[in-house]
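Position 1 is the first residue of the sequence; numbering continues from there.
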Amino acid sequence: MLTILFDGIAYGMLLFVLAVGLAVTMGLMNFINLAHGAFAMAGGYITVLLMQRLDVPFLVCLPIAFAGSALLGAVLERTLYRPLYHKPHLDQVLFSIGLVFMAVAAVDYYIGSTQQIMQLPQWLKGRTEIGSLGMGHYRLFIIAVCAALTVGLQYILAKTRFGSRLRAAVDDQRVAAGMGINVNVVFLSTFAFGSGLAGLGGALGAEVLGLDPTFPLKFMIYFLIVVAVGGTSSITGPLLAALLLGIADVAGKYYIPKMGAFIVYALMIVILLWRPNGLFVRQGGKS
């Protein structure tokens, strides 16, 4: 049971890093970007291809995956996403869904539909047993990296000048611009950073979740569950939701393999009936 709990926490932390960018764009920028998983897929393929074809070390690939996905996000935000910020949510959903299918088709055409295999460094392949607790070294590494990212992200949004400028730009763009805040630059930076986090999550998750061209479609529902259950007004909500989802998914697939997915959806329904706006909602804020 302790091993299942440990694996569930590692899975949940990975889902949080994958989904937190979507929580930021939906909660702070009020934009529904269902193509978020495509940036995660980009980070995963950057890592796998660099390791397979150029023998780049795994730890070097992680920041490259972040930077590559962030750059892709910045380019798309400037060229495609920005005109849709003030469009109805249905337009945003249809547009981003279209991007997902384009990304899936492009990767399938240029790279192929086969499952990608990532060879981890030898020091990440081991396993440590402490009593009845078995801890895989790679999952321990995922927990450490994701925990550090969570603390850093919370600090940036809550304690830095950029975080306060972002919140001001979201609350009232015209007033923020009148106070000298470059709203376009703030949104561009936020979108790029969220895309980079998705790419980093895709790089970390390629070995755990698997990687093929259908990745954005397979895990889209998981990202949406994390955001819906956790709420979009804070980082704490999606983090707790991702941990609950990860533990429930791992435990369900272990104890009741035929009903593993059902347990996740049942948990989501119960939480949303209890807290329709998510686990954490800012008082007086939008959900």
Specify the closest pair of heavy atoms between [X] and [Y], including all atoms of both residues, with the distance to one decimal.
| X | Y | answer |
| --- | --- | --- |
| M220 | V100 | CE-CG2, 4.2 Å |
| A248 | L267 | CB-CD2, 3.8 Å |
| L22 | N33 | CD1-O, 3.2 Å |

Sequence neighbours excluded - side-chain hydrogen bond (donor to acceptor under 3.5 Å, both in side chains) pairs with any residue from residues 138-156: none
Qualifying side-chain hydrogen bond (donor to acceptor under 3.5 Å, both in side chains) pairs with a residue from residues 214-223, counting only residues at least two apart or across chains: D212-T214, D212-K218
Between [X] and [Y], is there a shared hydrophobic cluster once you connect ILVMFWY residues whose side-chain heavy atoms come closer than 4.5 Å?
| X | Y | answer |
| --- | --- | --- |
| Y265 | Y255 | yes |
| V270 | M268 | no |
| L99 | V75 | no |
| L71 | V185 | no |
| L5 | V264 | yes |

Residues that, via side-chain heavy atoms closer than 4.5 angstrom, fall in one hydrophobic cluster with L94: L90
Supply the members, apart from V60, of the Ile/Leu/Val/Met/Phe/Trp/Tyr cluster built from side-chain contacts under 4.5 Å; use none for a lone residue. I46, L50, L54, V56, I64
Residues which pass salt bridge (Lys or Arg N to Asp or Glu O under 4.0 Å) with R78, listed by chain and number, not counting sequence neighbours: none
Could you give the distance from [atom1] ([X]) to [atom2] ([Y]), rounded to the nearest 0.5 Å?
| X | Y | atom1 | atom2 | value |
| --- | --- | --- | --- | --- |
| S195 | F66 | OG | CZ | 9.5 Å |
| L15 | L243 | CG | CG | 9.5 Å |
| L200 | L18 | CG | CG | 9.0 Å |
| K253 | D249 | NZ | CG | 4.0 Å |

Got a sec, which residues hit side-chain contact (heavy atoms from CB on, under 4.5 Å) with [X], two or more places apart in sequence or on another chain?
| X | answer |
| --- | --- |
| Y254 | I4 |
| V48 | Q52, Q116, M118, A206, L211 |
| L153 | V20, L157, F193, L197, I235 |
| S113 | D108 |

Using side-chain contact (heavy atoms from CB on, under 4.5 Å), reason through L140 and F6 one step at a time and then give a plain yes or no. CA-CA 9 Å; L140 196 60; F6 173 80; 3.8 Å; yes
Could you tell me whether [X] atom [atom1] has more than 12 heavy atoms of other residues or ligands within 6.0 Å of it?
| X | atom1 | answer |
| --- | --- | --- |
| K125 | NZ | yes |
| W274 | CH2 | no |
| Q122 | CD | no |

Can you name the side chain to side chain donor-acceptor pair (under 3.5 Å) partners of Y85, sequence neighbours left out? E77
Could you list all the salt bridge (Lys or Arg N to Asp or Glu O under 4.0 Å) pairs where at least one residue sits in residues 48-58, not counting sequence neighbours? none
With ring pair (Phe, Tyr, Trp, His ring centres under 6.0 Å) as the rule and sequence neighbours excluded, what pairs involving residues 86-110 come up? Y81-F95
Below 6.0 angstrom between ring centroids: does that apply to F215 and F219? yes
